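Protein chains get the first letters and strands the later ones, always in sequence-line order, with residue 1 at the start of each. The model shown is predicted, which means the values in this text are computed figures rather than measured ones.
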2 protein chains.
Amino acid sequence: MVDLKSGQALSLWQKSMLEQVRGSDPDLTVRQLAILLTVYLDPPPHTVRGLASHLNVTKPVITRALDTMGIMGLVARRRDERDRRNVLIQRTVKGSEYLERLGDLVVEQAREIG
Amino acid sequence: MVDLKSGQALSLWQKSMLEQVRGSDPDLTVRQLAILLTVYLDPPPHTVRGLASHLNVTKPVITRALDTMGIMGLVARRRDERDRRNVLIQRTVKGSEYLERLGDLVVEQAREIG
DNA sequence: TTACACTGTTTCACAACCGAAACATTTGAG
DNA sequence: CTCAAATGTTTCGGTTGTGAAACAGTGTAA
């Protein structure tokens with residue numbers, strides 16, 4: 001299924017990056033995208049601390065990325081009622097749609113290579 | 001060979017993004033990465049004008065990205081002697097190595113999925 | 001030669017991101 | 001109750017990227 005040569009991998013990345021750059025949507029940074037993907041693909045719960053550790057970045061990086069993507073409607077925050085120090089990061093409909101489009105886009109580009 | 005499901009595509013992206021973010025190398029922006037990949041994968045010659053048109057961004061974006069990546073040693077600039085208005089963007093050994101690593105990294109993550 | 005068209009670059013004011021450190025809130029242990 | 005530990009956020013100073021517009025250098029055609 002997924003047997004990728006190095007050259008094909010780079011070509012896939014180029015095509016996908018180009019699609020994202022050319023589009024009118026505001027670009028997400030690489031870090032923001034990594035956070036978004038982790039929130040949607042890894043099992044919850046997701047906390048600021050956990051994401052920071054997982055990505056090997058500082059906590060403020062996560063807070064700021066959540067601010068930005070929160071405004072865009074791609075993720076939501078909620079306090080953990082069991083331990084009110086924690087903030088739980090949650091998925092949104094808009095975020096799901098965004099990633100669905102991204103996935104389809106990559107698949108599309110992959111098909112053009114094979 | 002390359003038959004990617006949407007979920008697999010997103011998982012591949014997540015893993016690759018995480019590898020890039022976690023690394024100590026300074027992150028390239030999505031735009032910078034798109035430029036770098038285009039210079040190395042599409043046939044030369046590459047000009048500022050051409051890249052700007054290809055990525056659908058303004059010329060200063062290309063100039064600045066080339067400044068940054070030039071300092072990093074990932075690309076080089078040279079004036080076109082046939083038409084000295086043009087600047088030709090050239091590959092470097094360091095840039096080749098950088099993309100080689102990126103390609104291997106994506107292939108590696110793809111293998112873990114299949 | 002003179003005027004114009006075309007390159008890539010620089011400038012401007014502004015917004016976004018960064019790491020480190022200080023901060024407020026909440027929890028839990030003594 | 002009190003104080004230390006843990007959470008996420010905000011502030012600080014500095015760096016980098018942005019679009020629009022002005023810019024300098026080069027080619028081209030009248």
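- One donor-acceptor pair, N or O on each side, does fall under 3.5 Å between the base of D/dG19 and the side chain of B/Arg64.
- The minimum heavy-atom distance linking A/Trp13 with B/Gln20 is given by the pair CZ3-OE1, 4.5 Å.
- Closest approach to the B/Arg77 side chain among C/dG8, D/dG8, C/dT9 is made by C/dT9 (side chain taken as heavy atoms from C-beta onward).
- With respect to A/Asp67 and A/Arg77, a salt bridge is recorded, a charged nitrogen being found less than 4.0 Å from a carboxylate O.
- Both A/Val61 and B/Thr47 lie close to DNA chain C; mapped to their nearest nucleotides by heavy-atom distance, the more 5′-ward contact belongs to B/Thr47.
- One interatomic measurement links the two molecules: CZ of A/Arg82 to C1' of C/dG28, which rounds to 18 Å at whole-angstrom precision.
- Considering only side-chain N and O atoms, A/Thr63 lies nowhere under 4.0 angstrom from the phosphate OP1 or OP2 of D/dG8.
- In this model, the phosphate group of D/dT7 is not approached by any side-chain N or O of A/Arg79 to a distance below 4.0 Å at OP1 or OP2.
- With rounding to whole Å, B/Asn56 atom CG is found 10 Å from D/dG19 atom P.
- For A/Arg22 (side chain) and B/Leu55 (main-chain N/O), no donor-acceptor pair under 3.5 Å exists by modelled atom type.
- Remark: A/Arg31 is in phosphate contact with C/dG19, judged by side-chain N or O atoms under 4.0 Å from OP1 or OP2.
- Between A/Asn86 atom CG and C/dG28 atom P there is a gap of 11 Å when expressed in whole angstrom units.
- Counting to the nearest Å, the P atom of C/dC17 and the CG atom of A/Leu55 are 15 Å from each other.
- Each of A/Val75, A/Thr68, A/Ile62, A/Val57 was scored for a side-chain contact (heavy atoms from CB on, under 4.5 Å) with A/Ile35, with one residue passing: A/Ile62.
- Whole-Å rounding puts the B/Arg85 CZ to C/dT7 P distance at 6 Å.
- Heavy atoms of A/Thr58 sit under 4.0 angstrom from primed sugar atoms or phosphate atoms, though from no base atom.
- One atom, CG of A/Leu28, and another, P of C/dA15, lie 20 Å apart when rounded to the nearest Å.
- Salt bridge absent: A/Asp80 and A/Arg82 never bring a charged side-chain N and a carboxylate O closer than 4.0 Å.
- Distance, B/Asp67 CG to D/dG17 P: 9 Å, rounded to whole Å.
- In this structure, the nucleotide among C/dG8, D/dT7, C/dC17 sitting nearest to the side chain of A/Lys59 is D/dT7.
- Among the protein residues, A/Asp83 comes within range of the sugar-phosphate backbone only, with heavy atoms under 4.0 Å from sugar or phosphate atoms but none that close to a base.
- Nucleic acid contact class of B/Gln32 (heavy atoms, under 4.0 Å, all strands): sugar-phosphate only.
- The distance from atom CZ of B/Arg49 to atom P of D/dT26 is 18 Å, rounded to the nearest whole Å.
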